[in-house]
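The structure under discussion appears below in the form of structure tokens.
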Protein chains: 2
Amino acid sequence: MHDEQIEAMSKLLKSMSHPIRLKILCLLQDKELSVGEIREQVKTTNANVSQHLNILRGQGIIDYRKDANFIFNKITDKRILELIQKMRVLFCPNF
Amino acid sequence: MHDEQIEAMSKLLKSMSHPIRLKILCLLQDKELSVGEIREQVKTTNANVSQHLNILRGQGIIDYRKDANFIFNKITDKRILELIQKMRVLFCPNF
DNA sequence: GAAGTATTTCGTTTTTTAATTTAATAGTTG
DNA sequence: CAACTATTAAATTAAAAAACGAAATACTTC
């Protein structure tokens, strides 16, 4: 890997390496979820979820669509799905 | 993934997500290297390399062997090799 | 055992990241 | 349009990680 790729890759990993954000990504593996639904699962405040979602959006990992006053989030980058899948296989073989 | 696995996984990712540490892991993909050799490649101080190596050791990602007054580092966890390989394929397809 | 090389440790400073609180925006419903 | 819900934004505070420099350790060679 070139240094630029190292930089880009480490930014990506950093954005995935917060427990709340990693959990959000796991939750979004197979379905889209609203901010409120995410908040229930990760047990924190709306504002906090929103902040973390923004970081993931900034990385281009997730996208959202609006419906009424709900915002549904989903993973846009297929590679992220694959990467998380690989992590599961390697490190959590029982699931 | 369970919450405990999420915690463990995010710690692992965090330890890999610093550009210097990620570069060290890439350098150690196919060979073992001394602290000094690593320092040359990542262009920082010995103390800084040592600090980062300690973090990777703490995570159980790398191990070392002593030879004279050199310390040779290598990746011990095969899963890390696989994970980095996967990241390469997904995000750096040209290499 | 003195001098030299490689690495680590420790204490400090700087920088980054995360959490918290409050206020703002946007849409919905009666 | 008032009351309500969902989400975001902005500002502050708290906590964690990184970088730096100097001193300490360990091993080698002469």
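Note that the structure is predicted; figures quoted are calculated from it, not measured. Naming convention: chains lettered A, B, ... in sequence-line order (proteins, then strands); numbering from 1 in each chain.
Put simply, CG on B/Asn54 is 10 Å from P on C/dC10, counting in whole angstrom units. When rounded to the nearest whole Å, the span between CG of A/Leu33 and P of D/dT7 equals 11 Å. Separating the CZ atom of A/Phe70 from the P atom of C/dT25 is a distance of 21 Å, rounded to the nearest angstrom. C/dA6 atom P lies 16 Å from atom CG of B/Leu53, rounded to whole Å. The distance between atom CZ of A/Arg65 and atom C1' of C/dG27, rounded to the nearest whole Å, is 15 Å. Between B/Asp67 atom CG and D/dT29 atom P the separation is 10 Å, expressed in whole Å. Between A/Arg21 atom CZ and C/dT17 atom P there is a gap of 9 Å when expressed in whole angstrom units. The distance from atom CD1 of A/Ile20 to atom P of C/dT17 is 16 Å, rounded to the nearest whole Å.
Contacts of B/Thr44 with the nucleic acid, taken as non-hydrogen atoms under 4.0 Å apart, are absent. Residue A/Thr45 is classed as having no contact, given no heavy-atom separation below 4.0 Å to the nucleic acid. Counting any heavy atom pair closer than 4.0 Å across all strands shown, A/Arg57 reaches sugar-phosphate atoms only and no base atom.
In this structure, the side chains of A/Ile61 and A/Thr76 stay at 4.5 Å or more apart for every pair of heavy atoms. At least one side-chain heavy atom of A/Gln29 sits less than 4.5 Å from a side-chain heavy atom of A/Ile75.
Close to C/dA19, at under 4.0 Å from its OP1 or OP2, lies a side-chain N or O of A/Asn48. Neither OP1 nor OP2 of D/dT7 sits under 4.0 Å from any side-chain N or O of A/Arg39. Proximity of B/His52 to the phosphate of D/dA19: a side-chain N or O atom is located under 4.0 Å from OP1 or OP2. For D/dA26, neither phosphate oxygen OP1 nor OP2 lies less than 4.0 angstrom from any side-chain nitrogen or oxygen of B/Lys66.
Considering CG of A/Asn48 and CD1 of A/Ile20, their distance stands at 4.5 Å, rounded to 0.5 Å. The distance from the CG atom of B/Asn54 to the OH atom of B/Tyr64 is 9.0 Å, given to the nearest 0.5 Å.
Side-chain atoms of A/Asn69 come within donor-acceptor range of the base of D/dT5, with a qualifying N/O pair under 3.5 Å. On a pure distance criterion of 3.5 Å, no polar donor-acceptor pair joins the side chain of B/Gln51 and the base of C/dC10.
Closest-nucleotide positions on DNA chain C for A/Ile55 and B/Tyr64 were compared, and the one nearer the 5' end corresponds to B/Tyr64.
Looking at the side chain of B/His18, the nearest of the listed nucleotides D/dT28, D/dA18, D/dT8 is D/dA18. If you check D/dT7, D/dT28, D/dA17 against the side chain of B/Ala68, the one that comes closest is D/dT28. Side-chain atoms of B/Asn46 lie closest to C/dT7 of the nucleotides D/dA17, C/dT22, C/dT7.
Applying side chain to side chain donor-acceptor pair (under 3.5 Å) to B/Asn73 and the options B/Arg57, B/Arg65, B/Glu32 leaves one that passes, B/Arg57.
Among all heavy-atom pairs drawn from A/Ile6 and B/Leu22, the shortest one is O-CD2, 3.7 Å.
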